[in-house]
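Any value given below was found using the heavy atoms of this structure, including those in side chains, with hydrogens, waters and symmetry copies removed. Residue numbers start from 1 in every chain, and the chains themselves are labelled A, B, ... in the order their sequence lines are given, proteins ahead of strands.
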Amino acid sequence: MAKAGDKSSSSGKKSLKRKAAAEELQEAAGAGDGATENGVQPPKAAAFPPGFSISEIKNKQRRHLMFTRWKQQQRKEKLAAKKKLKKEREALGDKAPPKPVPKTIDNQRVYDETTVDPNDEEVAYDEATDEFASYFNKQTSPKILITTSDRPHGLSTVIPNSHVYYRRGLALKKIIPQCIARDFTDLIVINEDRKTPNGLILSHLPNGPTAHFKMSSVRLRKEIKRRGKDPTEHIPEIILNNFTTRLGHSIGRMFASLFPHNPQFIGRQVATFHNQRDYIFFRFHRYIFRSEKKVGIQELGPRFTLKLRSLQKGTFDSKYGEYEWVHKPREMDTSRRKFHL
Amino acid sequence: MAAAAARWNHVWVGTETGILKGVNLQRKQAANFTAGGQPRREEAVSALCWGTGGETQMLVGCADRTVKHFSTEDGIFQGQRHCPGGEGMFRGLAQADGTLITCVDSGILRVWHDKDKDTSSDPVRLPCPDGWGRWAGLLELRVGPGVCRMRQDPAHPHVVATGGKENALKIWDLQGSEEPVFRAKNVRNDWLDLRVPIWDQDIQFLPGSQKLVTCTGYHQVRVYDPASPQRRPVLETTYGEYPLTAMTLTPGGNSVIVGNTHGQLAEIDLRQGRLLGCLKGLAGSVRGLQCHPSKPLLASCGLDRVLRIHRIQNPRGLEHKVYLKSQLNCLLLSGRDNWEDEPQEPQEPNKVPLEDTETDELWASLEAAAKRKLSGLEQPQGALQTRRRKKKRPGSTSP
């Protein structure tokens, strides 16, 4: 046992030396001489003074050897414990206690007091009369202006009823009154830095909130591997996952108001906004139901990740506008288990 | 219960959905009060002030230009009056000697008689020789468009100050002439020789002197002294990069606490114009700030839908945080000294002993033997039950 361990840990000449040493020691042990200096076999490690740790050995190779030996021993013990536990569970059968659930950051999330209760009337009234009410009451349908300083973006194909215009350095505050005059309901500005998009400003138009996001992990349609054919003109369905808090609800409604009301299920296209740990993942897929329970999906469209930086009450006015929520890293990011969306 | 408890609420907050919320920090409860039973966005509360009789009555100014009377003792809305004239929301509400003073966005400042509370007053305009409209029992002043705040001097109830966007600070004496008593002058042109724009967002009168403090949308805090010959500000400091939206005086009287649109709160010393410290926690624009007159407590509310109570000194930090589901517009902090609501408890013991004496009499009238038998039966049964419970407990934990 120990010999095999030695062989695997050391290499070259040292292994031969160790093997020789081990053989000698084994003979000595076989002769029944009692305790040896180096604990080749575990029971003889009692030669070390108490309170001794492997890290105090000055010789690097010796120390490495001792450490690997200790590590293998730990691994063996762990494996043995696992096997034992498994046997016990099998023996108990149905009476076995349920497996303990591993702790994840999502499990350990600090309960947010602003989590929306579906039966809450006040929040329901607040949402029913907020700036998106006209969309959710089906009074207006979305018409979106997407602008970016450079080349067109794949986002225009994903969002129906969207028009792309080059920005050419125009000030947003001047674009906005023009958009309102031409009946646009939303404005999306993609901020780019050296040809890579890194920010998104989404402004709901008549006087609605403006959300500023940080965009990362952008994959354009041509960069996505194993994708399907181009998205068609059908209106996609929308999935909004995990927007639980009041702020999350506002942002979720904002995303929902970008798309027209009547998804065309013929097109079998779906846009997903999935919120996890305050990051919003956007994906665009085409699905097909192969049977009752099996679905095949093809990823079309661009994918990106958004993180909310601020939500402002009026239309875009970063200097004099009133903010409903601002992300303050030093105050809000102190706990790894607290999320805001 | 809610009505009886209403008087012990420490903070009253007005929201954008028209609900008036009373928060009791001792018992950590918040109660909603609406005039019509249902929240209505047209009734968004834009101004709050205490009414006559100390803190027993409150005046609530709503977005549909009605001023409602709310009784904090009973927890109900007692009446309302419609205050037409001008456009925009109420920017200031005050009451003095039985009159109601209102000021709206477009700059119409009016004084209303408090007598007709319940009827919507359509004042009759009497022709007046001096030309400016003096209505029967009412007073109207044109302050200038774009008013952001009208504040009443707590020491002189007939003196009010107004200020706004491109509307310089003016102090009006409602008993005097129709010209302002003090009209502030803009500061000198800046280093590029450009005119400095004016945007007074909040005004406070400093106690003990005639001075006023204003905070502006261009992140400046200015102190004006009408007693001095100069009409320009006596002191000017800046804080942050965002518009300051609310301001309040601290109990000492030497500093103010300001809040801006990013939720940053700062205490600024007025003697030197120095920043004393900041308060953390708010995530949205600060809409209402008020300090307690004697305790070092600050109540703040904003667009992030949370009411926070901070302690200003030793040590500086957050005391209470209450999530109130609507966006909060303005608040009123009760200035009373004792924050415990003990007087409520003597009411209940008064009722309970009465009932007890009645039941005791009933029992006394019944036969004593029956009572003993019943009590005898109950006890062993109770003991058995407890024993059963005890047996059950270890059993229940095993699976």
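- In B:Glu87, the CD atom is not crowded: 12 or fewer heavy atoms of neighbouring residues, nucleotides or ligands sit closer than 6.0 Å.
- For A:Lys214, the NZ atom is loosely surrounded, since the number of other residues' heavy atoms within 6.0 Å does not exceed 12.
- The shortest non-hydrogen separation linking A:Glu122 to B:Ser326 is OE2-OG, 2.6 Å.
- In the model, B:Thr245 has no side-chain atom that pairs as donor or acceptor with a side-chain atom of A:Glu322 under 3.5 Å.
- If you measure heavy-atom distances from A:Ser310 to chain B, you find no contacts under 4.5 Å at all.
- Environment of CZ in A:Arg330: sparse, with no more than 12 heavy atoms of neighbouring residues, nucleotides or ligands closer than 6.0 Å.
- The neighbour count for B:Gln38 CD, taken as heavy atoms of other residues, nucleotides or ligands under 6.0 Å away, does not exceed 12.
- The 12-atom threshold is not exceeded at CZ of A:Arg182, counting heavy atoms of other residues, nucleotides or ligands nearer than 6.0 Å.
- Within the 4.5 angstrom heavy-atom criterion, no atom of B:Asn260 approaches chain A.
- Residue A:Arg336 qualifies as open at atom CZ: its count of foreign heavy atoms under 6.0 Å is 12 or below.
- In this structure, the side chains of A:Lys328 and B:Gln264 come closer than 4.5 Å at one or more pairs of heavy atoms.
- Within 6.0 Å of the CD atom in A:Glu113, the count of heavy atoms belonging to other residues, nucleotides or ligands exceeds 12.
- Top candidate by heavy-atom pairs under 4.5 Å with chain B, chosen from A:Val123, A:Thr114, A:Leu247, is A:Thr114.
- Within 6.0 Å of atom OH in B:Tyr218, more than 12 heavy atoms from other residues, nucleotides or ligands are found, so the atom counts as buried in its surroundings.
- Only the side chain of B:Glu16 comes within contact range of chain A, with at least one heavy atom under 4.5 Å from a heavy atom of that chain.
- Most heavy-atom pairs under 4.5 Å with chain A: of the set B:Lys325, B:Lys321, B:Gln327, this distinction falls to B:Lys325.
- Only the side chain of B:Arg305 has a heavy atom closer than 4.5 Å to any heavy atom of chain A.
- In terms of non-hydrogen atom pairs under 4.5 Å with chain A, the most contact-rich of B:Pro243, B:Gly284, B:Ala283 is B:Ala283.
- With a 4.5 Å cut-off on non-hydrogen atoms, A:Glu331 touches chain B through its side chain but not through its backbone.
- Atom NZ in B:Lys280 sits 11.0 Å away from atom CE in A:Met332 (nearest 0.5 Å).
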key: Criterion salt bridge (charged side-chain N to carboxylate O under 4.0 Å, His left out) on A:Lys319 and B:Glu241, from CA distance to verdict   = CA-CA 8 Å; A:Lys319 212 167 158 197; B:Glu241 317 153 340; over 6 Å; no

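- Minimum interatomic distance between A:Lys313 and B:Leu303 (heavy atoms only, all atoms of both residues): CD-CD1, 3.6 Å.
- With a 4.5 Å cut-off on non-hydrogen atoms, B:Leu282 touches chain A through its backbone but not through its side chain.
- Panel note: side chain A:Tyr125, backbone B:Pro39; a donor-acceptor pair is recorded below 3.5 Å.
- Checked against the 6.0 Å centroid criterion, the rings of A:Tyr320 and B:Tyr242 do not qualify as a close aromatic pair.
- Note: A:Trp325 CH2 to B:Asp304 CG = 10.5 Å, rounded to the nearest 0.5 Å.
- The residues B:Arg41 and A:Asp126 are annotated as salt-bridged, a charged nitrogen and a carboxylate oxygen being separated by less than 4.0 angstrom.
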